[in-house]
Structures are given as C-alpha cells and as structure tokens.
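See structure below.
Bear in mind that the values here come from a model prediction, so they are computed numbers and not experimental data. So you know, we letter chains A, B, ... as the sequences are listed, proteins then strands, and number each from 1.
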Amino acid sequence: MNDQAKKKQINAIKGTKDILPDEIWKWQKLETEARLVFERYGYREIRTPVFEATELFIKGTGSTTDIVTKEMYTFVDKGGRSITLRPEYTPSVVRSIIENRLNLQPQPLRFYFIGPMFRYDKPQKGRYRQFHQIDIEVFGEKDPAIDAEIVEMAKNLLTRMGVTDTDVLVNSVGCQTCRPGYREKLKQKAEESRSRLCPDCQRKIGTNPLRIFDCKVEACKEISIEFPKITDFLCPECDEHFKQFCKYLDAFDISYSIEPSLVRGLDYYTKTTFEFSSRSLGAQDAVLGGGRYDDMMKEFGGPDICGTGFAVGVERLLSIVSVEENQQEWLYLIYLGDEAKSAAMEVARFLRENGVKCLVEYRERSLRNQLSRANKLNAAWVLIIGEDEVKKGTFQLKNMKTAHQDTVTKEEILKHIRRTN
RNA sequence: GUGAGUGUAGCUCAACUGGUUAGAGCACUGGACUGUGGAUCCAGAGGUUGGGGGUUCGAGACCCCUCACUCACCCCA
C-alpha cells in the first residue's frame, strides 16, 4: 500500500449509515413495539431474502415507476442472473405466497416484516439508499373494514412510540375500470390550462398528471383546485368501498382528511391509499404509507387474491419519536490487588448467573480512579473487593446515586439490588 | 439525474480587509488525591484547515478542479 492509499479513509457508502450503540435502543424499542402491536392483531412475521430476481420488481413494482426505472441496485451474479436488492417489500411477499402455496392456508393471511430496503436515490433528509421498513400485508380480505383496521393499527403503533402529531391522509385511486377514464379527464383539463401552469407541471401532464395536485407553486395550486377529483369519478363498487372505508375510520375515531392528490408512486395500488405525514420531517414527510393492491397476485399468475398493507419508514419514524430510554441498572465491580481480582471474577460469574448485569474492568487502578470510571459509565451500583473483603468474605456494596454503602455477603448483593429496583 | 449551501481537533465553534508556530470550550488521558466517584486546579495527547492545483513574498481565508456532507427539486418510507 502506498502513502496515498493509506491516507484514503474508507467510509460508509453514500446514503448508508451506522446505527451506533447509543441509538440502537430506539430501534429495538420500535421493533419490540411493532411485534407486540401486530401480533395482537393476528399478524405473523415473515422474512424473505434481501435480493430477488430483477424481474420480480419490474413486474410487481411496475416497469414505468421511478423505483424500477432509475432507483434499483441491480447487478449480474456469477451465474449470469440479473439480481436486484429489494427496493420495496410487497412483491417479495407476493412471490413467497405463490411459491409456498400459502394461499391454501385459511384467509385472510396477515404478515409483518422488518428489514432493510435499497434504492439508488440522491440522499437527503429522511431519504437513504439503505433504509428500513416495517411492513404489514393482508391477503384475501376485500372488506374495507380491514383497510380501516390497519390504519387504526398503524396509529396504535405510532402512539406507542410517542408520535401523535401526524396527519392521516386518505384517498381512493379507483380500479382498472374507473381510473383510466379519470386520468384522461384530468389530462384533458390540465391541457386546457397548460399555459398557466409552471414548467414542471406542464411536463407532469404527460407523465403523471395526478402529481400536479402536489405542486408548491401558488398559481398551480389555485388552478388544480378546479381539476376533477378522482373521488368524483369512482365506479359504483370503488365508490361504495371508499365510503365504507371512511365510515369505519370514523368508527375507530380516527381523524383524517381526504386528499385527492394522494396517489402513491407505485402502479399497483387500487381503491384505498393512505399516508401518515409529519410536519417535523422536512420534504420527505411521509412516515408511513400504504394502500390496497387487489390485482397484484393475479398479475403474477397466482390466485386472484386481493391485498392491502402499509410500510413504516423506520429512519423517518425514529427521527420524530419522543420516548425515553429505559436504562437497565447494572453493577460495576472494583477490585484491588491480585487476590481480589480472582475473587471479583468469581463474584461476577455468580451475579451474572443470577441475572445481574455487571462489568469488571481489568485495569490496575486506584479505587478513586475506578469509582470515577464507574460514575462516568453510569453504573447504578459499585461492588468493592479489596484485601480486607477477600479475608472476611464480605464486600462493600455502594449505591452510586445515594452514595449509601453496605457491607454484604455475595448472596446479600442480590437482595439489595432487587430491593431498590 | 438537476440545483443550492457547507467543509478548521472526537463534538461545538474562533482565527480582523490574506500576515509569525491554526486557538478555545466540552470530551479524552494522567496528576494534585497511596481504600471511596461527581467539584476544582495543573499537565498531556489530539490537525497535512476534506483532497489536488493555481494566484501571492506569504493562503485556513482568494480562484479553478475534485471529493464528501447537508438541504431542495424529482420521487418515496
């Protein structure tokens, strides 16, 4: 290695980051809460590989979506197969259900999943190249009550994480019978006002007219207010489904607003779409998003089973959670001298066997120094073992908060610690 | 992919319109203080000022290139 190469530090890949010990507790807390909440609603965990055949996402996510056309991590493996790191989760579950014949189990099927996703986006606030999602999916339940139930479940999870200031947006994007007609109508209207729209929106007329509703330019906002809304163009079936969905949301006492521009960037959504957004997140304000995808399974050549679900953006959610770390109390073992060292190791073994978290540091230092260290590391207790203690078979147990100190035997340590817990 | 902003010690920031050896606070290590922590004081360690080139007697500062980070567009969790 030459000098230049030595200097070049190797860093984490752009758009990825380390989750350090000081913050991992938030992740663990969220994962624990998610499992607890989901299992209460009858969901079971499923895990699928991080990479899949590229074709799966082209077919499932949609060949015209941004995700597929420009954001996938795709490579050819040594066997010449085209492989893609999953950019989203739903196609993997659908694949797994078909492949494992899970549809033969009693429906609806309820699954949840926690894991990393990969998208080659340009990183910014709330957007990473490796990011994590917590997903839930339900297959084989057409009733809009289930859509409302998952929204309620989502809200439940957020509340448990101390996040209560989110806005719930809902919409229906219709189905294959009503959406094409609406799209044409919208295009037509937008075309009529083309000259008054910003250049960006003029382009959207051709590519994604629904996105015009999202434009931040005042003029565009005013103009798009008069554009036709999808909710006025739903076919009777979709219309009824959406009305029922809203009715059940009311029954769950969830406040929401109907947002006609909420279309989600994925091609496969039908009927229900929803999103939880937070004002404290910046431009990427969606903490959680989801909806119904009734046609996906069928299009994969699988059974005609409808689906609905949502995904939580873990990094986004964690950036706005307000929960306290629940720190475990632990004991720092101080020894003075060689004999005491062996005794300390023996006591530590005894304590750990009895479920006490304790730390012995192998450094020959003064008592003062070790106490100072225990204090810095935020130990709740200190056990001091010196020559006297070794002779007598008792130890000095000190509570670091109260500075109170007792002379105790090995067995008594357990009682003292439990008493104050 | 497009655009803007920012790069000085582990962290937060100084260093006048370009002028000695780039400083401070916090954090870190040790000592004052030999079996009792948090305080105080002293000392130490820590930097090719992101990297490269240029202008200049002289660049952390000015110019160009590059890299990284951040934010926004786009899109999404």
Side-chain angles (χ1 to χ4, degrees), chain A residues 3-4 6-9 11-15 17 20 61 64-71 87-90 114-135 154 198-201 203-204 207-208 210-211 214-217 262-266 269 273 275-278 281-291 309-320 332 334-337 340 363-379 381-389 395-405:
Chain A
D3 282 355
Q4 267 193 328
K6 259 184 209 164
K7 267 183 239 161
K8 183 82 185 161
Q9 188 176 240
N11 294 324
I13 299 295
K14 190 188 191 74
K17 60 173 185 176
L20 301 174
T61 309
T64 60
T65 57
D66 277 18
I67 290 180
V68 169
T69 54
K70 46 188 198 193
E71 295 173 8
E88 59 140 348
Y89 193 60
T90 312
I114 301 173
M117 303 291 162
F118 307 85
R119 289 185 201 170
Y120 194 85
D121 258 2
K122 194 151 172 184
Q124 68 183 64
K125 190 180 172 75
R127 197 169 71 186
Y128 308 96
R129 289 186 173 175
Q130 181 185 155
F131 62 102
H132 296 75
Q133 288 190 335
I134 297 180
D135 274 78
C198 73
D200 233 16
C201 286
R203 184 181 47 80
K204 286 177 194 164
T207 57
N208 196 348
L210 283 151
R211 301 290 310 178
D214 272 347
C215 189
K216 281 156 190 143
V217 178
L262 182 66
V263 291
R264 326 280 326 136
L266 303 165
Y269 283 113
T273 57
E275 188 173 292
F276 284 54
S277 68
S278 166
L281 271 176
Q284 314 299 318
D285 65 351
V287 192
L288 182 155
F310 65 74
V312 184
V314 174
E315 284 83 355
R316 288 183 191 177
L317 176 56
L318 291 183
S319 73
I320 56 169
Y332 187 102
I334 295 176
Y335 63 84
L336 299 157
R363 34 157 60 191
E364 290 299 328
R365 295 285 165 79
S366 67
L367 178 60
R368 171 186 297 280
N369 188 301
Q370 294 194 68
L371 269 168
S372 164
R373 173 112 177 126
N375 186 51
K376 251 173 229 161
L377 295 177
N378 205 19
W381 305 88
V382 160
L383 191 73
I384 301 164
I385 308 179
E387 284 172 29
D388 291 353
E389 285 77 13
F395 313 99
Q396 300 298 315
L397 179 65
K398 179 165 188 165
N399 181 319
M400 291 296 278
K401 246 182 222 144
T402 63
H404 183 262
Q405 194 164 313

Using the 3.5 Å cut-off, write out each protein N or O paired with an N or O of nucleotides 2-10 of chain B and the distance between them.
residue : atom : partner  : partner atom : Å
B:U2    : O4   : A:Lys122 : NZ           : 2.9

Taking the [atom1] atom in each of [N] and [M], what is the distance between them to the nearest angstrom?
{"N": "B:A15", "M": "B:A22", "atom1": "C1'", "value": "7 Å"}
{"N": "B:G53", "M": "B:G10", "atom1": "C1'", "value": "30 Å"}
{"N": "B:U8", "M": "B:G25", "atom1": "C1'", "value": "15 Å"}
{"N": "B:C74", "M": "B:C16", "atom1": "P", "value": "41 Å"}
{"N": "B:C57", "M": "B:G46", "atom1": "C1'", "value": "33 Å"}
{"N": "B:G54", "M": "B:G44", "atom1": "C1'", "value": "39 Å"}
{"N": "B:A27", "M": "B:A9", "atom1": "C1'", "value": "11 Å"}
{"N": "B:U55", "M": "B:A68", "atom1": "C1'", "value": "26 Å"}

Students often get this wrong, so: under 4.0 angstrom with heavy atoms, is [X] touching a base, only sugar-phosphate, or nothing?
{"X": "A:Tyr89", "answer": "nothing"}
{"X": "A:Gly282", "answer": "sugar-phosphate"}
{"X": "A:Val287", "answer": "sugar-phosphate"}
{"X": "A:Ala311", "answer": "sugar-phosphate"}

Distance, rounded to the nearest Å, where [X] contributes [atom1] and [N] contributes [atom2]:
{"X": "A:Arg119", "N": "B:C75", "atom1": "CZ", "atom2": "P", "answer": "14 Å"}
{"X": "A:Gln124", "N": "B:C75", "atom1": "CD", "atom2": "C1'", "answer": "9 Å"}
{"X": "A:Ile67", "N": "B:G1", "atom1": "CD1", "atom2": "C1'", "answer": "16 Å"}
{"X": "A:Arg316", "N": "B:C71", "atom1": "CZ", "atom2": "P", "answer": "12 Å"}
{"X": "A:Ile13", "N": "B:A68", "atom1": "CD1", "atom2": "P", "answer": "10 Å"}
{"X": "A:Lys125", "N": "B:C69", "atom1": "NZ", "atom2": "C1'", "answer": "14 Å"}
{"X": "A:Ile114", "N": "B:A77", "atom1": "CD1", "atom2": "P", "answer": "18 Å"}
{"X": "A:Lys70", "N": "B:G1", "atom1": "NZ", "atom2": "P", "answer": "11 Å"}

Between the base of B:C74 and the side chain of A:Arg127, is there a donor-acceptor distance below 3.5 Å?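 Result: at least one qualifying N/O pair found.
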Within this structure, what is the NE2-CD1 distance for the pair A:His132 and A:Ile114, rounded to the nearest 0.5 Å?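 Reported to 0.5 Å precision, the distance equals 10.5 Å.
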Distance check, rounded to the nearest 0.5 Å: A:Lys401 atom NZ versus A:Trp381 atom CH2?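 Rounded to the nearest 0.5 Å, the NZ-CH2 separation comes to 9.5 Å.
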Of all residues at least two apart in sequence or in a different chain, which pass the side chain to side chain donor-acceptor pair (under 3.5 Å) check with [X]?
{"X": "A:Ser366", "answer": "none"}
{"X": "A:Ser278", "answer": "A:Ser280"}
{"X": "A:Tyr332", "answer": "A:Glu361"}

Starting at the 5' end of RNA chain B, which residue's closest nucleotide do you reach first, A:Asn11 or A:Glu88?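 By nearest-heavy-atom nucleotide position, the 5'-most residue is A:Asn11.
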What residues, two or more places apart in sequence or in another chain, satisfy ring-ring contact (aromatic ring centres under 6.0 Å, His included) together with A:Tyr89?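 In terms of ring-ring contact (aromatic ring centres under 6.0 Å, His included), with neighbours along the sequence ignored, A:Tyr89 is linked to A:Phe113.
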Taking salt bridge (charged side-chain N to carboxylate O under 4.0 Å, His left out) as the cut-off, I'd like each qualifying pair that reaches into residues 123-135 of chain A, sequence neighbours left out, listed once.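 Listed once each, the pairs are A:Asp121-A:Arg127.
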Non-neighbouring partners of [X] that pass side chain to side chain contact (heavy atoms under 4.5 Å, CB included), sequence neighbours left out:
{"X": "A:Tyr128", "result": "A:Lys17, A:Phe131, A:Glu315"}
{"X": "A:Gln396", "result": "A:Ile384, A:Glu389, A:Gln405, A:Thr407"}
{"X": "A:Ile13", "result": "A:Thr16"}
{"X": "A:Ala154", "result": "A:Phe276, A:Leu288, A:Phe310"}

Can you check nucleotides 35-42 of chain B for protein contacts, nitrogen or oxygen pairs under 3.5 Å, and list what you find?
residue : atom : partner  : partner atom : Å
B:G35   : OP1  : A:Leu367 : N            : 3.2
B:G35   : O6   : A:Glu387 : N            : 3.2
B:G35   : O6   : A:Asp388 : N            : 3.1
B:G35   : O6   : A:Glu389 : OE1          : 3.4
B:G35   : N1   : A:Glu389 : OE1          : 2.9
B:G35   : N1   : A:Glu389 : OE2          : 3.2
B:G35   : N2   : A:Glu389 : OE2          : 2.9
B:U36   : O2   : A:Lys398 : NZ           : 3.1
B:U36   : O2   : A:Gln405 : OE1          : 3.3
B:U36   : N3   : A:Gln405 : OE1          : 3.1
B:U36   : N3   : A:Gln405 : NE2          : 3.1
B:U36   : O4   : A:Gln405 : NE2          : 2.8
B:G37   : OP1  : A:Arg368 : NH1          : 2.7
B:G37   : OP1  : A:Arg368 : NH2          : 3.2
B:G37   : N7   : A:Lys398 : NZ           : 3.3
B:G37   : N1   : A:Met400 : O            : 2.5
B:G37   : N2   : A:Asn375 : OD1          : 2.6
B:G37   : N2   : A:Met400 : O            : 3.1
B:G37   : N3   : A:Asn375 : OD1          : 3.4
B:G38   : O4'  : A:Asn375 : ND2          : 3.0

A side-chain contact here means heavy atoms from C-beta on lying under 4.5 Å apart; do A:Glu387 and A:Leu336 qualify?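 Counting from C-beta outward, A:Glu387 and A:Leu336 never come under 4.5 Å.
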Please, what dot-bracket string fits RNA chain B when only Watson-Crick and G-U pairs with both distances under 3.5 Å count, crossing ones use [ ] and pairs to another strand use |? (((((((..((((.....[...)))).(((((.......))))).....(((((..]....))))))))))))....
Check against side chain to side chain contact (heavy atoms under 4.5 Å, CB included), A:Leu371 and A:Met400: CA-CA 9 Å; A:Leu371 269 168; A:Met400 291 296 278; 4.2 Å; yes
